[in-house]
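Here the structure is laid out as structure tokens; the discussion comes afterwards.
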Amino acid sequence: MSFPLLTATAVLPALGAVATAAVPAARRTAAKWLALLVSLGTLALAIVVLVRFEPGGDRYQLTESHSWIKEFGVRYELGVDGIAVALIALTALLIPFIVLAGWHDADPLETGSKRWRPTQGFFALILAVEAMVIISFEATDVFLFYIFFEAMLIPMYFLIGGFGDRAHEHGEQAASTQRSYAAVKFLLYNLVGGLIMLAAVIGLYVVAGNFSLQEIAQARADGSLHMATSTERWLFLGFFFAFAVKAPLWPLHTWLPNAMGEATTPVAVLITAVVDKVGTFAMLRFCLQLFPEASKWATPVILVLALISIIYGALLAVGQRDIKRLVAYASISHFGFIIMGIFAMTSQGQSGATLYMVNHGISTAALMLVAGFLISRRGSRLIADYGGVQKVAPLLAGTFLIGGLATLSLPGLAPFVSEFLVLVGTFERYPVIGIVATFGIVLAALYTLVLYQRTMTGPVRPEVRAMPDLRPRELAVVAPLVVLLIFLGVYPKPVTDIVNPAVRSTLSDVHKKDPKPEVEAAK
């Protein structure tokens with residue numbers, strides 16, 4: 001029996017979470033190092049998955065299948081395609097940086113405070129989220145996926161509500177209230193989406209008789225499983241609604257700015273760079289494979305919603321006073337591009353959307369983590385409280401600029417390639433949508449450059465005059481992300497080679513081919 005590599009990749013952080021939580025209260029530093037070592041071990045396993053995956057091989061590889069709840073046809077089924085492999089690698093890569101960036105975020109509060117921040121619990125919850133996200137990318141049984149899709153809400157709720165940002169303009173009591181509000185809003189939005197999806201999962205079982213993604217997709221393809229048009233559309237809407245909340249897509253996005261604004265910076269990165277990717281990934285894996293005709297039926301409306309997300313998120317980012325909320329609204333705009341690429345139903349669009357998931361994770365992590373280092377020094381999230389930082393902390397300002405330029409998709413940095421592919425793929429089939437979406441790029445340049453100008457340039461404000469530059473631990477977090485942004489911006493082929501076969505298979509599922517270019521006949 002072969003080694004269950006996919007199971008090990010998810011189980012290691014789960015066991016690490018238990019072990020980290022069990023570290024004695026007085027051994028906070030030991031808990032941190034244990035969490036870091038476990039995250040690095042998970043990264044090593046993810047690299048093994050990446051190396052063993054053959055882009056030209058079977059669609060789902062490294063598969064595992066065991067009977068679980070036999071009476072209901074539920075199986076423990078795992079398998080990865082190129083899209084899942086890329087996102088598992090992204091998750092495993094970012095968690096060690098999140099742990100390092102949050103090294104002191106759960107330490108005890110200052111002397112005199114009655115509230116204790118349990119360090120062990122903070123890092124254990126991060127590892128628990130990592131385990132659940134990874135198995136969500138691996139699951140090919142719909143019921144198994146649903147369990148972990150919903151279960152990850154529990155540790156995220158406690159990370160948002162129990163370990164909030166200390167830099168709050170209205171004091172600790174107001175901060176606690178805002179954290180609770182953000183955590184409850186996050187939970188309620190995602191729970192409602194999950195409950196609607198549960199009804200759709202049950203409906204799928206009634207129609208198909210099992211939960212196996214591969215078996216249902218194969219039965220749909222060979223005609224042995226027929227769904228009535230209305231049934232398929234209702235089931236699609238049930239799945240898509242839950243994924244659109246997680247993604248987040250306008251108008252189901254309103255939980256994200258609150259959650260990112262009130263969470264600690266590493267948790268904000270965990271939300272938008274890791275957890276939210278499960279929603280867009282699931283659109284590709286489940287919506288398009290299980291409900292191809294309904295996906296095509298809903299495409300015009302989804303593209304309009306994605307376009308609204310792009311413009312709306314960017315416009316609100318322009319007007320933000322809070323650095324973290326600005327990044328949150330920028331992420332809503334970026335997720336609009338991802339969803340637009342998925343439902344453009346072209347190879348360029350879907351390849352760009354998958355690449356965008358990876359590149360957005362890296363660029364947002366870089367920008368948000370540097371912003372977090374900046375906020376921790378000044379003790380304020382307000383843009384107006386900064387000015388002239390580049391003169392006193394040039395390394396911090398430089399990495400902040402690179403993260404910002406990646407966010408606006410500057411050519412030569414990773415997000416440019418993915419955004420370009422999404423726009424080209426969309427324009428091929430929906431030229432008006434593609435043209436209007438380009439205004440999102442203009443707005444991205446506006447909010448990014450204005451943010452940099454107002455915080456980093458100009459006269460040095462007295463409050464930032466003694467601000468230290470990046471420390472070695474902080475450089476260890478940011479430097480690899482900057483290197484990746486440049487490398488993938490110049491040479492994205494390693495990622496596209498992995499995801500493109502899966503993209504072609506997905507297009508085949510929905511019976512779509514790329515539009516043929518219109519070439520004027522020679523006279």
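Because the structure is a prediction, the values reported are computed rather than measured.
In this structure, CG in N500 is found 11.0 Å from OG in S505, a value given to the nearest 0.5 Å. With rounding to the nearest 0.5 angstrom, the CG atom of L423 is 5.5 Å from the CZ atom of F337. One finds the CG atom of L6 at 10.0 Å from the CD atom of Q61 (value rounded to the nearest 0.5 Å). Annotation: the span from L100 atom CG to L475 atom CG amounts to 12.0 Å, rounded to 0.5 Å. Put simply, CG on N359 and CG on L413 are 10.0 Å apart, with the number rounded to the nearest 0.5 Å.
The salt bridge (Lys or Arg N to Asp or Glu O under 4.0 Å) search around R471 returns E474, not counting sequence neighbours. Residues satisfying the side chain to side chain contact (heavy atoms under 4.5 Å, CB included) criterion with A366, sequence neighbours excluded, are L481, L485. Applying the side chain to side chain contact (heavy atoms under 4.5 Å, CB included) test to L252 and every residue at least two apart in sequence or in another chain returns F241, A244, V245. The salt bridge (Lys or Arg N to Asp or Glu O under 4.0 Å) check on R325 picks up nothing, with sequence neighbours excluded. Annotation: side chain to side chain contact (heavy atoms under 4.5 Å, CB included) contacts of E463 (sequence neighbours excluded): R378, R461. T29 pairs by the side chain to side chain contact (heavy atoms under 4.5 Å, CB included) definition with W33, not counting sequence neighbours. In this structure, F400 has no ring pair (Phe, Tyr, Trp, His ring centres under 6.0 Å) partners at least two apart in sequence or on a different chain. K32 meets the salt bridge (Lys or Arg N to Asp or Glu O under 4.0 Å) test with D107; sequence neighbours excluded.
Counting only residues at least two apart or in different chains, ring-ring contact (aromatic ring centres under 6.0 Å, His included) contacts with residues 260-285 comprise F137-F281. Pairs passing the salt bridge (charged side-chain N to carboxylate O under 4.0 Å, His left out) check and including a residue from residues 491-501, sequence neighbours excluded, read K493-D497.
Side-chain N/O atoms of Y181 and E262 include no donor and acceptor closer than 3.5 Å.
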Donor-acceptor contacts under 3.5 Å from residues 126-134 side chains, at least two apart:
none

Donor-acceptor pairs under 3.5 angstrom involving side-chain atoms of residues 268-275: please list them, not counting sequence neighbours.
unit_1: T272; atom_1: OG1; unit_2: S331; atom_2: OG; d: 3.2

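Put simply, the side chain of R429 never gets that close to the backbone of T346: no donor and acceptor are under 3.5 Å apart. In this structure a side-chain-to-backbone donor-acceptor pair under 3.5 Å is present from S309 to W250. Side-chain atoms of T280 come within 3.5 Å of backbone atoms of K277 as a donor-acceptor pair (strictly under, hydrogens ignored). For S351 (side chain) and Q348 (main-chain N/O), no donor-acceptor pair under 3.5 Å exists by modelled atom type.
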**OP:** Take Q320 and Y447, measure what side chain to side chain donor-acceptor pair (under 3.5 Å) needs, and give me the verdict at the end.
**Re:** CA-CA 9 Å; Q320 289 304 304; Y447 63 68; over 6 Å; no
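In this structure, H253 has its ring center closer than 6.0 angstrom to the ring center of Y312.
A tilted orientation is assigned to the rings of F145 and F286, their planes being inclined by 30° to 60°. Between Y356 and H334, the angle of the ring planes lies from 30° to 60°, which puts this pair in the tilted group.
Looking at heavy atoms from C-beta onward, L369 lies in side-chain contact with T265 at the 4.5 angstrom threshold. Considering only heavy atoms from C-beta on, L153 stays 4.5 Å or farther from Y189 through its side chain.
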